[in-house]
Amino acid sequence: MLKILKYSFYDLMRSRWSYVYFIFYLLLGFVLLFLNNDVSKAVITLMNIIIVLVPLIATIFGVMYYYNSKEFTELLLAQPIKRTSIFLGQYLGVSGSLAMSLVLGLGIPFTLYGLLKSNAIWDFSLLLVTGAFLTFIFTALAFNIALSNENKIKGFGYAVLLWLFLDRKSVV
């Protein structure tokens, strides 16, 4: 499992989507801090953004990764490796790379701005933990959807439907 985890993680950290995800949160952090000039207000605004965007990106990226690596997964399934090791390694690689991009992308601007000296450090750390947990949860749901559907279009449709169903802010 550790070899599959390491391969999936390094493969995703080299992909351009991980860089785009990292740069998006890096720029978002700098822009929010520039516009608000207050760390606590930026954290509140960021929490509203993260509650909506992280589940969407984790769900879509998880489904997309599974369908794009299907041939590699079938090759691994032909080897004498446990199925749980294969899927758990791929899942942890995907969710770990997404969570790391989120934490680093938001952590760098706030640390440079002076988060360690402010009173909002507890709120910001709670924001990062919440974002990481949302990433792990919705990536697991995306893998479950992709595993249960052979058809890519149905898989993506169910993933978006799941996100819309579980994200109450977009419904209200």
Side-chain angles (χ1 to χ4, degrees), residues 1-33 39 42-70 72-73 76 84-113 115-116 120-147 155-156 158-160 162-170:
M1 179 181 87
L2 289 176
K3 286 186 179 184
I4 297 169
L5 167 68
K6 193 163 53 169
Y7 173 78
S8 297
F9 183 77
Y10 288 136
D11 182 43
L12 287 169
M13 290 313 295
R14 288 188 313 238
S15 79
R16 63 184 158 109
W17 290 111
S18 292
Y19 290 129
V20 168
Y21 193 57
F22 168 73
I23 290 171
F24 170 74
Y25 280 116
L26 188 73
L27 290 175
L28 182 66
F30 279 126
V31 166
L32 285 177
L33 288 171
V39 177
V43 169
I44 292 169
T45 305
L46 203 55
M47 180 59 92
N48 289 328
I49 293 170
I50 284 199
I51 287 176
V52 175
L53 278 183
V54 168
L56 174 67
I57 293 171
T59 305
I60 297 298
F61 194 77
V63 169
M64 184 175 66
Y65 179 80
Y66 177 78
Y67 285 131
N68 288 340
S69 68
K70 192 167 187 165
F72 176 67
T73 304
L76 287 175
T84 56
S85 300
I86 294 170
F87 291 116
L88 197 60
Q90 286 183 340
Y91 159 70
L92 290 175
V94 171
S95 55
S97 68
L98 286 175
M100 191 173 98
S101 294
L102 171 79
V103 168
L104 288 178
L106 291 176
I108 291 172
F110 278 85
T111 304
L112 291 177
Y113 190 76
L115 174 74
L116 301 175
I121 190 164
W122 174 253
D123 297 333
F124 183 73
S125 61
L126 188 63
L127 169 84
L128 292 181
V129 168
T130 304
F133 277 139
L134 282 173
T135 300
F136 279 97
I137 290 167
F138 278 89
T139 305
L141 291 172
F143 265 63
N144 192 11
I145 288 171
L147 280 169
F156 278 109
Y158 288 147
V160 171
L162 174 84
W163 173 74
L164 285 173
F165 180 71
L166 292 179
D167 185 35
R168 299 209 185 266
K169 283 188 140 186
S170 64

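These figures come from a predicted structure and were not determined experimentally.
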Hits for side chain to side chain donor-acceptor pair (under 3.5 Å) against Thr73, two or more places apart or cross-chain, chain-then-number order -> Gln90

Any side-chain heavy atom of Val160 sitting closer than 4.5 Å to one from Phe156?
no

Supply the atom-to-atom distance Leu28 CG to Leu106 CG, rounded to the nearest 0.5 angstrom.
6.5 Å

Calculate, to the nearest 0.5 Å, the distance between atoms OH and OH belonging to Tyr91 and Tyr66 respectively.
16.0 Å

Okay, side chain of Thr111, backbone of Ile108: is any donor-acceptor separation there less than 3.5 Å?
no

Got a second to check how far Phe61's CZ is from Leu56's CG, nearest 0.5 Å?
13.0 Å

Counting only heavy atoms from other residues, nucleotides and ligands, does the tally under 6.0 Å from NZ of Lys6 exceed 12?
no

Interatomic spacing from CD1 in Ile51 to CG in Leu46 - rounded to 0.5 Å
10.0 Å

Side chains of Ile57 and Tyr21: does their closest heavy-atom pair fall under 4.5 Å?
yes

Using side-chain contact (heavy atoms from CB on, under 4.5 Å) as the criterion, point out the one residue from Leu141, Leu134, Thr135, Ile60 that pairs with Pro55.
Leu134

Side-chain touch Thr139/Tyr65, heavy atoms, less than 4.5 angstrom
no

Check: Leu12 main-chain N/O paired with Ser18 side-chain donor or acceptor under 3.5 Å:
yes

Which heavy atom of Val43 sits nearest to which heavy atom of Leu127, and what is that distance?
O-CD1, 4.4 Å

Taking all heavy atoms of Ser101 and all of Phe22, pick out the closest pair and write down the distance.
O-CD1, 3.8 Å

Evaluate the side-chain proximity of Thr130 to Ile50: yes if any heavy-atom separation is below 4.5 Å, no if none is.
no

By side chain to side chain donor-acceptor pair (under 3.5 Å) - contacts of Tyr25 (at least two apart):
none

Minimal non-hydrogen separation, Leu33 against Ala42, with atom names
CD2-CB, 3.9 Å

Over all heavy atoms of both residues, which pair between Trp122 and Ser125 is shortest? Give the atoms and the distance, please.
O-OG, 2.8 Å

Between Gly29 and Phe110, the two heavy atoms sitting closest are CA-CE1, 4.2 Å

What one should report as the nearest heavy-atom pair of Ser8 and Gly93 is CB-CA, 4.1 Å

Pick out which of Phe136, Phe87, Phe9 makes a side-chain contact (heavy atoms from CB on, under 4.5 Å) with Leu92.
Phe136

In Å and rounded to the nearest 0.5 Å, what is the OG to CG distance from Ser85 to Leu5?
11.0 Å

Within the side chain of Trp163, is there an N or O that forms a donor-acceptor pair under 3.5 Å with the backbone of Leu53?
no

Side chains of Ile23 and Leu27, heavy atoms from C-beta outward: is any pair under 4.5 Å?
yes

Out of curiosity, Ile137 CD1 to Thr59 OG1, how far, rounded to the nearest 0.5 Å?
10.5 Å

